[in-house]
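Structure first, commentary second.
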Amino acid sequence: MDPAKTSLGKMLLEEITPVVMVLRTPLVEESCLKNSLSFIEMLSPFCDFNNIDVPVRTSSDQPYRLQKFKLRLFYESDIKQPDIVVAKERLKQVITEAGEKDRSDLSTDPLDISNILASSKSEISPSWFEIFNKELVRTVSFSEHEAFDHPVACVSVVSSKDEQPINKFVDLFNTNKLPSLLNDGAMDPKILKHYVLVHDNKDGSSEKATKILTEMKNTFGFNGCHLLCINSSQDEQIEHQDNPWAPYKFDSSPSQDLGHYLNIDDFNEIKDLIQELSSKHIIPYMEQRVRVLNQQISATRKGFRNQIKNLWWRKGKEDTPDSSNGPMYTYSSVESQIRVLGDYAFMLGDYELALSNYRLISTDYKIDKAWKRYAGVQKLGSSGRQYATRCGLWWIEMLKMKDQFKEAATVYFRICSEELLHSAVMLEQASYCYLLSQPPMLHKYGFHLVLSGDRYKKCDQIKHAIRTYRNAVSVYKGTPWSYIKDHVHFHIGQCYGFLGMYDVAFTHMLEVLACSHQSKATQELFLREFLQIVQKAGKTFEVLTLQLPVINTSSLKVDFEDHRTYALPGSTSVKESVWRSLEEDMIPSLPTARTNWLELQSKLLPKHKESNICVAGEAIKIAIEFKNPLEIPISISSVSLICELSATSDETNSDASCSTAGIWNNEEHENLSVIVTTANLILLANCREIISDTSSFSLSEVNISLGGGEANLVQLTVTPKVEGILKIVGVRWKLSGSVVGFYSFGSNYVKKKIAKGRRKAKQSPSNYLEFIVIQSLPKLEGFIHALPEKAYAGHLQHLVLELRNRSEVSVKNLKMKTSHPRFLNIGKQEDLDLEFPACLEKKTNVSPPANPKIASHGVFLFPEDLSVQGENPLLWPLWFRAAVPGNISLQVVIYYEMGDLSSAMRYRILRMHYNLQVLPSLDVSFKISPYPSRLQEFLVHMDVVNKTNSESIQVNQLSTIGSHWEISLLQPIDTIFPSQSLIAGRAFSCFFVLKVGTRICIFRVVGNQLSTEESTSSLFPHIGSNVSLVPDGSKGAPFDTSKSPLAGFHDYERLQHGILIRLEAENAVDFILISRPLKSNAQPGVADAHHVFSHHACHCRQEYTKLLIIISIYSTASTSPITWVVDGPRTRHHDFSSSFCEINFRMTIYNSSNALASIVLKTLDSTSISDQLSDEASGNQVGWHDVSLAKDSKIESEALRNHVRKSLLPESVSPFIWSGSSSTGVQIKPLSTTEIPLQICVFSPGTYDLSNYVLNWNLQPVKDHENVGERTQSSGTSLGYPYYLTVLPSD
């Protein structure tokens, strides 16, 4: 590649070329200025030769031809080292002018990074960098230690109008006016001299000039003189289309006509002058100088001998101290001559000769400690850094030529100075090198752009800062680097604000609003700057998807009412499956229901058959969470929904007839600026000109204030007033009273949290917020008065349900069902005015209980003639009982039908939901065991523990359910419970005697329904016996457990357990324990008359169970239908010397089944008991015996027990035998008893176990009662239970 075509080659050819010093008189400048040019500016376009084609021979005998050549012309006053301050101002001017000339549209979006990568290298980097780099290199020109800028020749220019022009030539080369380089001895003053006489043709003919030229040649020599005639255009000015002077005239304007008096003849004369000066004078002069210097230096410094000699001579200088500039070298010194030789050879293109001399002189500079000359560095000062910068720029160009852009970027970074503006330009150039690397280093590209933009901004170079920041935006777009993105958008927004471009500034400031990752101070700064820009703009901004506050779309919940209505806000949070399970037994068949309104929807509006249904005049509630991501508080006002409502008749033209509200305020219509950040609300943009109309619906408006990190669930409503298609588009709000934000619910996937059922599995998100508005319908409003939120287990309370229909259209055919009938029972209408708890007391006249009208599946039917209409509410009594402790979710559904048959819906359902917290109260447990030696009597052991934290409770009454049970205290209550109250954490125990009554009522659980069977024509299945647990003086009327509500709640307790277990009821016992809390600690022992607790224990098969609200299993029956007891003496004294002892016993047998029992009693002698018992055991062994009788025995010593065991061993003579028949058979009727006499003969004293007998039984069902109470087992064998008899000898 031709070096001249590279950036480095161009730079070297322009900057490292021979310098010509120009000395001129004022009249010369006057003639040139007629063309708006100075003398040097007039000659400069002709000093650059692309093909000069001059042969050159330097060190070798073989010449080469020089093609590229350029002269640099300077006035003598400009040949000096530039002032640092002036140089900086010049650089700043270059940068500022480049910013002003930048024609890129700052208001457009920046290019995408992919488009930037597709651009060419010349398009990526700004063109003014080249100008800046040239100016930066020129800041170190005309240094005394470099010959590049030392004048090679001197051109003296005199005008033909000057007086005594020959003397003027002599005076121009006066030493007082020459540069310091010549006066100080840094360069040889004997340089090439050339003399030019300028003649202005406008001043007359050139005859005088010709005479002066002849005189000049006689004085200064024939070859060194030249005549230049200019301004040859006499009549009119000449316009040059391609003006050659424009690039060299920095302060020229486009309207300025340069060189308008110079014609083609003048062009040719100037060109010939420079051509002759270069090819016939300067190049030969430099060539001759190189050959002479090369011969001298070769003779004195080159070769091994000369090098050793030079090192030995310079060895003594190593110990000299460092000086700021090192030793002073004059132009005649060998070191200066070597440097001149190298620089001249370089400018003539002999790079090998130049390099060899640079290496030669570098050793001398290093030994002489001439660091400025050695490395261009002087204690790292400002001038030293400038030399390093120039060297770095040349190095960068070499790396770029080799496509080593990454390494070039590193050099750019290293030559950054402390000067911010200089550093900004270098960092920007480094960023483009990273972009051009292979592969592109995008992160470093963006990071260096940010560093550059920050420095530009600090130097008030706003447009340059915007350019670099805009390019950085494309790099970090879509990346998770939030901190640097915030930095870029914030500063670029500030820059646009400085320029007064507030719309663009506002757009970038929007990107940093939701900066939750930033510190609190940074967040305050961002928000303050944002609001200041809004204030300076003087208008209201409307922003789609404003990031502050954050809209949590996952929290979006839509509550509306179609045929399902809700009494309380919390009712919508219950799962739809729970409501359906309650309503499925109340709602008419689905085909019928759909015929009324769902199919009507599909027929009338086929395009909207997937939409929801709502009723005109009933609010649709939208709950959505607004969250403040910042640590600082923000103010949000005028929060409302954005809705559209179109008439169904105009469905096809809904775009033109839509009524949109909540989008634009009429007062702000004339002064708005809509900032579009996303394309998901094009509908709103298209409706920009629609005037807000709220006649078809009404919207709620909310103002909130969000603290740092606070989230608030905002409740918004829209109430349609007419029929049609309603769409909820989004939500709007105003931030800090100045910025209106919009959010479209269709912009992101909205998680469906709609309290609505019967929805197809797949549905587009837009349909979630689309509603078909139908005509107004009656609607029931319901409320349960005095329902407690917190109660103790067993708490019983009288409640009132209030239903109200504010419409003039009545509702009828009401039905009601509760999710927990154990907690909430529906009373009778006459219970409305009862006085509680006096209504629970037992009355003297007992009538059969009348239950409420309850259909199948627990649905309560209100009276058929009942309707609700207008302002008259319906009041209905309810009974509440806290059945079990815990957190209870109670649901109530009320079905009702429209009185107007023409309504779009035939029925609606009112849903009511309450959360209850039930706390533990009494922990009651029962243990039932047979009474010793008594048939059909049992001992009941009751344990009661107060589980409350602070309440004292008085136990009032224990009742049994069923007419066949009688209960009584085993001991007086004053003896077992003297304190009369049970304080928190205490317990007490009590024993009762339970007897079987004369009437029996069987309760049976079939499936999950409760049915009764009366065996004795009983009309009162819940009537039982009661026992008071308070002293006689405190007794009041007992509580009636056979009537509502206690009987009703007990039925549901039975039903609750009947679902889990199937069990006959004739031998089971149920308990109800009544208690009351005490009023307060100030009145100990006084019960609260307004609060009653009931604890229910239902029949279940468990021997011992503890529950808070007693739901236990108690059975008095054995596994055998046959029970018996042996009655007789336990101790007998007898004189065995006279005879053996005869003792009589009596066995009472009871048949507890509903079948005829055939029983065979077999007595066994002790000698054959083992064999006979083993034979009997091989059959079916079942039965029950009263082991508690053993506890009545007074034989407790180990010796006696051993004696018993020994007495049972077979011996040769039996100690006792059974008298009479060994087998006795009897038949016992159902539920009857019989007695069998027994006798034994005892032959010796001792203690004997009379359990050596067996009962074989067989059941024969009665025809009239066949399969009634039939047990799975119809026959069996029961072994005798231990009965110990002690026979002692008499005195």
Side-chain angles (χ1 to χ4, degrees), residues 99 102 104-117 124-126 409 413 416 420-421 423-435 440-499 501-519 521-534 543 545-548 629-630 675 677-678:
D102 189 3
S104 60
D105 190 357
L106 299 179
S107 60
T108 59
D109 293 334
L111 292 177
D112 189 75
I113 188 64
S114 59
N115 295 332
I116 296 176
L117 291 174
I124 290 177
S125 180
F413 188 80
C416 290
L420 291 178
L421 191 56
S423 177
V425 179
M426 293 298 128
L427 288 171
E428 186 179 2
Q429 294 187 79
S431 67
Y432 296 125
C433 289
Y434 282 120
L435 182 65
M441 306 175 70
L442 296 181
H443 288 306
K444 286 194 173 184
Y445 164 66
F447 183 68
H448 283 75
L449 283 175
V450 173
L451 294 177
S452 175
D454 184 61
R455 287 160 173 78
Y456 278 134
K457 184 170 176 287
K458 291 179 180 179
C459 296
D460 295 330
Q461 297 291 336
I462 303 302
K463 290 188 177 181
H464 288 293
I466 291 176
R467 187 189 69 255
T468 53
Y469 279 134
R470 277 162 51 90
N471 292 335
V473 168
S474 61
V475 176
Y476 298 109
K477 183 178 180 181
T479 64
W481 291 20
S482 54
Y483 284 95
I484 196 166
K485 284 194 294 184
D486 289 347
H487 175 87
V488 171
H489 284 292
F490 175 73
H491 286 280
I492 196 174
Q494 277 191 327
C495 291
Y496 277 115
F498 294 151
L499 298 179
M501 303 174 65
Y502 297 113
D503 287 349
V504 187
F506 180 85
T507 303
H508 286 280
M509 283 296 183
L510 281 176
E511 301 295 330
V512 301
L513 281 185
C515 53
S516 57
H517 50 277
Q518 298 284 1
S519 64
T522 304
Q523 294 173 5
E524 291 176 346
L525 173 64
F526 286 177
L527 184 59
R528 182 173 61 252
E529 290 289 333
F530 172 77
L531 296 177
Q532 285 180 358
I533 287 178
V534 174
V543 184
T545 63
L546 180 62
Q547 298 183 21
L548 198 65
L630 308 181
I675 306 298
T677 56
T678 58

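In this text, all values refer to a predicted model and were calculated from it rather than measured experimentally.
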Check whether S431 reaches the backbone of E428 with its side chain - one donor and one acceptor, N or O, closer than 3.5 Å.
yes
Quick one: does K463's side chain have a donor or acceptor within less than 3.5 Å of a partner on L499's backbone?
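Not confirmed, K463 side chain does not pair with L499 backbone.
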Give the minimum heavy-atom separation between [X] and [Y], together with the two atoms involved.
{"X": "C495", "Y": "K457", "value": "SG-CD, 3.8 Å"}
{"X": "G497", "Y": "A505", "value": "N-CB, 3.7 Å"}
{"X": "P629", "Y": "L548", "value": "CD-CD1, 3.6 Å"}

[X] versus [Y]: any side-chain heavy-atom pair under 4.5 Å?
{"X": "L513", "Y": "M509", "result": "no"}
{"X": "Y456", "Y": "I462", "result": "no"}
{"X": "R455", "Y": "Q461", "result": "no"}
{"X": "H487", "Y": "Y469", "result": "yes"}
{"X": "Q494", "Y": "E529", "result": "yes"}
{"X": "L510", "Y": "F530", "result": "yes"}
{"X": "V543", "Y": "F506", "result": "yes"}
{"X": "D486", "Y": "H517", "result": "yes"}

To the nearest 0.5 Å, how far apart are [atom1] in [X] and [atom2] in [Y]?
{"X": "M426", "Y": "L421", "atom1": "CE", "atom2": "CG", "answer": "10.0 Å"}
{"X": "T468", "Y": "I492", "atom1": "OG1", "atom2": "CD1", "answer": "8.0 Å"}
{"X": "R470", "Y": "Y496", "atom1": "CZ", "atom2": "OH", "answer": "4.0 Å"}
{"X": "Q532", "Y": "L527", "atom1": "CD", "atom2": "CG", "answer": "10.0 Å"}
{"X": "Q547", "Y": "C515", "atom1": "CD", "atom2": "SG", "answer": "9.5 Å"}
{"X": "L420", "Y": "K458", "atom1": "CG", "atom2": "NZ", "answer": "6.5 Å"}

Would you list the atom pairs, donor with acceptor, under 3.5 Å between side chains in residues 441-453 and any protein atom, with sequence neighbours excluded?
residue : atom : partner : partner atom : Å
H448    : ND1  : K444    : O            : 2.8
S452    : OG   : A424    : O            : 2.7

Report, as yes or no, whether the 6.0 Å neighbourhood of atom CZ on F490 holds more than 12 heavy atoms from other residues, nucleotides or ligands.
yes
